[in-house]
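For this chain, numbers begin at 1 and follow the sequence in order. These values consider heavy atoms only, across backbone and side chains, with no hydrogens, waters or symmetry-generated copies.
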Amino acid sequence: MDILRIATAGSVDDGKSTLIGRLLYETQSITRDKLEALDAASKRKGLDFLDLSLLTDGLIAEREQGITIDVAHIYFSTPRRKYIIADTPGHFEYTRNMVTGASNAKVSLILVDARHGVVEQTFRHFFISAMLRIPKVIVCVNKMDLVGYSQERFQEIKQEFEAIAAQVQFEGQSVAFIPISSLYGVNVTQKSEEISWYTGQSLLETLEAMDDQVKVDSSQAARFPVQYVVRPKTEEYHDYRGYAGRVASGTFSVGDEVIALPTGQRSKIATIERFDQQLEQAHARESVVLTLENDIDVSRGNMLVKAGQEPTQHREFSAHVCWLDYQALAPGKTLLLQHGINDTKAKVLALEELIDVQSLEKSASPGQLKLNEIGSIRLKVAKPVFADAYAENPANGAFILVDEFSHATVGVGFVNA
């Protein structure tokens with residue numbers, strides 16, 4: 001079964017945790033002991049129903065305040081596929097958690113409270129989904145029970161969201177709207193009579209119907225970062241030399257001509273191996289061992305790419321960055337840039353602009369980039385970085401910035417075209 005990665009987003013009290021809990025409950029993904037613990041915890045809170053939000057709000061501070069602070073990863077499955085949900089915080093103060101939690105998602109679930117409609121945080125969440133190039137967005141208009149399951153109210157919110165989405169939506173990104181009530185399970189896993197005017201699918205039916213995401217990754221440029229050189233040096237495999245790693249994007253086939261970066265040496269793929277299997281092709285996100293027809297200089301940290309699909313060699317480039325550190329970023333700052341398994345020193349040449357994700361206003365040449373702010377910066381690196389523009393190939397277009405003294409991750413970056 002394939003795995004569909006989902007990120008949830010929404011303002012405080014929009015019901016993200018309850019929705020996820022409802023999905024787990026109705027897909028029978030909760031063990032009996034957890035159900036018993038959930039029932040006891042709900043009674044301690046004085047409730048006469050199961051508080052499903054407690055399944056995901058694991059931190060004591062989250063349960064006390066009724067908000068999501070950290071990113072929680074939730075796993076469940078159906079006969080159709082497996083799911084990994086990143087339950088990300090909704091408050092502005094945790095924007096950094098929102099970005100990191102959604103970085104690997106293929107679907108973004110954005111919740112909107114039917115009473116309040118589209119708010120500033122809603123736009124922030126959609127902007128981040130667009131910046132991360134998440135191809136599928138599902139807007140769940142939640143708490144429909146509190147507005148009498150009104151079709152008119154649902155249409156108002158849909159039209160308002162579509163108006164703001166048009167400003168940042170990229171070509172190929174689809175947006176679907178589903179009216180739900182996560183508290184009562186209306187339209188979550190199956191259609192409900194309470195919303196008879198809605199002719200679309202329930203949330204789970206929509207997720208189940210989505211295409212296999214491997215096909216999307218396989219259409220991108222082929223990238224294979226080498227993580228380990230396999231040299232058994234045994235009598236049986238005396239001259240064996242294989243390159244182990246995980247296909248970042250694209251597809252490799254036996255016989256493909258490949259180029260090793262940074263050396264630029266060429267060869268052809270002799271075999272593609274996985275355990276004791278001989279494969280004809282390796283697709284995105286598959287871990288394999290490649291062997292080449294002739295010995296060339298390839299070591300850990302190098303990248304094999306298809307001939308004719310070489311990435312740009314960057315010595316200086318612009319990137320969007322979400323700043324994660326309490327100490328603001330200023331021009332002239334020296335950091336470590338980690339791209340894949342490689343790292344190099346990087347100097348911030350300039351802060352090109354600061355982006356207000358709620359109004360889309362851009363401030364040119366800001367003096368600094370503060371915690372949770374998103375902007376565009378220009379970097380100069382000590383060693384060449386072989387990266388694609390994030391918009392063209394997310395798997396090879398992202399990087400992190402690390403403080404060279406504390407070794408803390410202080411920024412998440414996305415290479416611009």
For side chain to side chain contact (heavy atoms under 4.5 Å, CB included), just list the numbers for Val168 and Phe123, CA-CA rounded to whole Å, side-chain angles, deciding distance to a tenth of an Å, and then say yes or no. CA-CA 10 Å; Val168 294; Phe123 193 38; 4.3 Å; yes
Which heavy atom of [X] sits nearest to which heavy atom of [Y], and what is that distance?
{"X": "Leu351", "Y": "Pro366", "value": "O-CD, 3.4 Å"}
{"X": "Ile134", "Y": "Ala105", "value": "CG1-O, 3.8 Å"}
{"X": "Leu23", "Y": "Thr27", "value": "O-OG1, 2.6 Å"}
{"X": "Ser299", "Y": "Val229", "value": "CA-CG2, 3.9 Å"}
{"X": "Val188", "Y": "Ser182", "value": "CG2-CA, 4.2 Å"}
{"X": "His314", "Y": "Val415", "value": "NE2-CG1, 4.2 Å"}

Please evaluate residues Ser318 and Arg378 with respect to the criterion side chain to side chain donor-acceptor pair (under 3.5 Å), reporting the C-alpha separation (whole Å), side-chain torsions for both, the decisive distance (0.1 Å), and the verdict. CA-CA 4 Å; Ser318 293; Arg378 188 153 194 86; 2.7 Å; yes
More than 12 heavy atoms of other residues, nucleotides or ligands under 6.0 Å from CD of Gln155: yes or no? yes
Would you find more than 12 non-hydrogen atoms of other residues, nucleotides or ligands less than 6.0 Å from Lys380 atom NZ? no
Side-chain ([X]) to main-chain ([Y]) donor-acceptor, under 3.5 angstrom:
{"X": "Ser376", "Y": "Glu353", "value": "no"}
{"X": "Asn187", "Y": "Pro179", "value": "yes"}
{"X": "Ser77", "Y": "Lys82", "value": "no"}
{"X": "Arg223", "Y": "Leu304", "value": "no"}
{"X": "Arg300", "Y": "Gln227", "value": "yes"}
{"X": "Gln309", "Y": "Ala222", "value": "yes"}
{"X": "Ser249", "Y": "Ala395", "value": "no"}
{"X": "Lys306", "Y": "Thr251", "value": "yes"}

Non-neighbouring partners of His320 that pass ring-ring contact (aromatic ring centres under 6.0 Å, His included), sequence neighbours left out: none
Taking ring-ring contact (aromatic ring centres under 6.0 Å, His included) as the definition, give me every residue that meets it alongside Phe252, ordered by chain and number, with sequence neighbours left out. none
Using a 4.5 Å cut-off on heavy atoms from C-beta on, say whether the side chain of [Y] contacts that of [X].
{"X": "Phe126", "Y": "Val139", "result": "no"}
{"X": "Met144", "Y": "Val186", "result": "no"}
{"X": "Thr78", "Y": "Tyr83", "result": "yes"}
{"X": "Val305", "Y": "Met303", "result": "yes"}
{"X": "Glu273", "Y": "Gln278", "result": "yes"}
{"X": "Leu290", "Y": "Thr271", "result": "no"}
{"X": "Leu379", "Y": "Val321", "result": "no"}
{"X": "Met210", "Y": "Ile138", "result": "yes"}

Mind checking the CG-CG spacing from Asn302 to Asn342? Nearest 0.5 Å is all I need. 7.5 Å
Supply the atom-to-atom distance Trp323 CH2 to Leu369 CG, rounded to the nearest 0.5 angstrom. 7.5 Å
Quick one: do the Asn142 and Asp14 side chains pair a donor with an acceptor below 3.5 Å? no
For the residue pair Thr8 and Asp87, confirm or rule out a side-chain donor-acceptor distance under 3.5 Å. yes
Any pair with a residue in [range] that passes salt bridge (charged side-chain N to carboxylate O under 4.0 Å, His left out), sequence neighbours left out, goes on the list, sorted by first then second residue, please.
{"range": "residues 408-417", "value": "none"}
{"range": "residues 198-210", "value": "none"}
{"range": "residues 156-177", "value": "Arg153-Glu156"}
{"range": "residues 333-351", "value": "Lys333-Asp403, Lys345-Glu404"}

Criterion side chain to side chain contact (heavy atoms under 4.5 Å, CB included) on His283 and Val247, from CA distance to verdict: CA-CA 6 Å; His283 301 281; Val247 180; over 6 Å; no
Which residue pairs pass the ring pair (Phe, Tyr, Trp, His ring centres under 6.0 Å) test when at least one of the two sits in [range], sequence neighbours left out?
{"range": "residues 98-119", "value": "none"}
{"range": "residues 162-189", "value": "Phe161-Phe177"}
{"range": "residues 330-387", "value": "none"}

Verdict with supporting geometry, Phe76 and Ile85, side chain to side chain contact (heavy atoms under 4.5 Å, CB included): CA-CA 8 Å; Phe76 75 98; Ile85 301 179; 3.5 Å; yes
Give the C-alpha distance, both sets of side-chain angles, the deciding distance and a yes or no for side chain to side chain donor-acceptor pair (under 3.5 Å) between Asn294 and Ser267. CA-CA 6 Å; Asn294 56 298; Ser267 185; 2.6 Å; yes
By side-chain contact (heavy atoms from CB on, under 4.5 Å), Pro225 pairs with (sequence neighbours left out) Ala248
Could you check Tyr243 against Thr291 for side chain to side chain contact (heavy atoms under 4.5 Å, CB included), going step by step and ending with a plain yes or no? CA-CA 6 Å; Tyr243 306 104; Thr291 66; over 6 Å; no
Distance-only donor-acceptor pairs under 3.5 Å for side chains of residues 254-265, two or more places apart:
{"residue": "Asp256", "atom": "OD2", "partner": "Ser253", "partner atom": "N", "Å": "2.7"}
{"residue": "Glu257", "atom": "OE2", "partner": "Arg266", "partner atom": "NH1", "Å": "3.1"}
{"residue": "Thr263", "atom": "OG1", "partner": "Ala260", "partner atom": "O", "Å": "3.3"}
{"residue": "Thr263", "atom": "OG1", "partner": "Gln265", "partner atom": "N", "Å": "3.4"}
{"residue": "Gln265", "atom": "OE1", "partner": "Asp297", "partner atom": "N", "Å": "2.9"}

Using the six-membered ring wherever Trp is involved, compare the ring planes of Phe414 and Tyr390 and label them parallel, tilted or perpendicular (cut-offs 30° and 60°). perpendicular
Salt bridge check: are Arg22 and Glu26 linked by an N-O gap of less than 4.0 Å? yes
May I have the list of side-chain donor-acceptor pairs in residues 108-115 shorter than 3.5 Å, sequence neighbours left out?
{"residue": "Ser108", "atom": "OG", "partner": "Ser129", "partner atom": "OG", "Å": "3.0"}
{"residue": "Asp113", "atom": "OD1", "partner": "Arg115", "partner atom": "N", "Å": "2.9"}
{"residue": "Asp113", "atom": "OD1", "partner": "Arg115", "partner atom": "NE", "Å": "3.1"}
{"residue": "Asp113", "atom": "OD2", "partner": "Arg115", "partner atom": "NE", "Å": "3.4"}
{"residue": "Asp113", "atom": "OD2", "partner": "Arg115", "partner atom": "NH2", "Å": "2.8"}

